[in-house]
Amino acid sequence: MTRYWLMKTEPSVVGIDDVLAMPNQTVDWWGVRNYQARNFMRDQMSVGDKVFFYHSNCAEPGIAGLAEVVKKAYPDRTQFDPASKYFDPKSSPENPRWVNVDVRVVKKTRLLGLAELRAQPELVHMRILQRGNRLSITPVDPAEWKFIVERLLK
DNA sequence: GCCAACGTTGGC
DNA sequence: GCCAACGTTGGC
C-alpha cells in the first residue's frame, strides 16, 4: 500500500538542491533520533511511498519538492561514527537503534510556504500545521496529498 | 535570539 | 511509575 509522508530537513544541512546533485537524486535520510519518526520509517515506509520534501528551520519553511521512498529502512550509518554528532554509544552494528530509508527527489517544486498551507481550509488537520508539532516525519492523508499536488503545486 | 511546546533523562 | 529538570525543535 502506498502511503504518503512529509519529511523535514534543514536546507543548511541537506536541502533539495543538494539531493538533486547526488547520484540518482537520492539521499539516505540519516540523523533521525526520535523514536516515533524512526518507527514510521522502520514499520510503515515501503518502496514507492510518496514524500513531501520539507525545508524547516530556515528563512522560507515549506514544501520544496516531491520525493519517494526508494529503499526500505536499514541502519543509519551516522550512529556508529564517533565523529558524528549523531553518534550513539548505546547502539552497535549487532543491535542498531536508529534506521533510515533512502529518498529520491522526483521533482523540485515552487516553495509552498507554511503561511500558504495554513491558509487552506482543506489542510487544517495536517499534522505539520498543528500547534507545537515537532515531529520530523509525519503521515499525510491521501486527500491532503492530492489537494496539495493537484491544487497548489500545479 | 526568543520562547512555546514537546521529548528524554534520571532521582526518588 | 512519577515528574521536575533539562535539551531540542522550529517558527517568528
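In what follows, every chain begins at residue 1, and chains take the letters A, B, ... in the order their sequences are listed. Small disclaimer: the values here were computed from a predicted structure and weren't measured.
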- prompt: Just to confirm, is there a sub-4.0 Å distance from OP1 or OP2 of B:dC6 to any side-chain nitrogen or oxygen of A:Tyr35?
  reply: no
Any chance the side chains of [X] and [Y] put a donor and an acceptor closer than 3.5 Å?
{"X": "A:Tyr74", "Y": "A:Asp102", "answer": "yes"}
{"X": "A:Arg33", "Y": "A:Thr78", "answer": "yes"}
{"X": "A:Ser91", "Y": "A:Gln79", "answer": "yes"}

May I have the distance from [X] (atom [atom1]) to [N] (atom [atom2]), rounded to whole angstrom?
{"X": "A:Gln36", "N": "B:dT8", "atom1": "CD", "atom2": "P", "result": "9 Å"}
{"X": "A:Leu135", "N": "C:dG10", "atom1": "CG", "atom2": "P", "result": "9 Å"}
{"X": "A:Trp98", "N": "B:dG7", "atom1": "CH2", "atom2": "C1'", "result": "11 Å"}
{"X": "A:Arg33", "N": "C:dT8", "atom1": "CZ", "atom2": "P", "result": "14 Å"}
{"X": "A:Gln130", "N": "C:dT9", "atom1": "CD", "atom2": "C1'", "result": "17 Å"}
{"X": "A:Asn57", "N": "C:dT8", "atom1": "CG", "atom2": "P", "result": "13 Å"}
{"X": "A:Ile128", "N": "C:dT9", "atom1": "CD1", "atom2": "C1'", "result": "11 Å"}
{"X": "A:Leu6", "N": "C:dT9", "atom1": "CG", "atom2": "P", "result": "17 Å"}

Any idea which of [options] is nearest the [X] side chain?
{"X": "A:Lys8", "options": "C:dG11, B:dG7, C:dG10", "result": "C:dG10"}
{"X": "A:Arg134", "options": "C:dC12, C:dT8, B:dT8", "result": "C:dT8"}
{"X": "A:Arg118", "options": "C:dG10, B:dG7, C:dC12", "result": "C:dC12"}

query: Quick one: does A:His55's side chain get under 4.5 Å of A:Ile16's, heavy atoms only?
result: yes
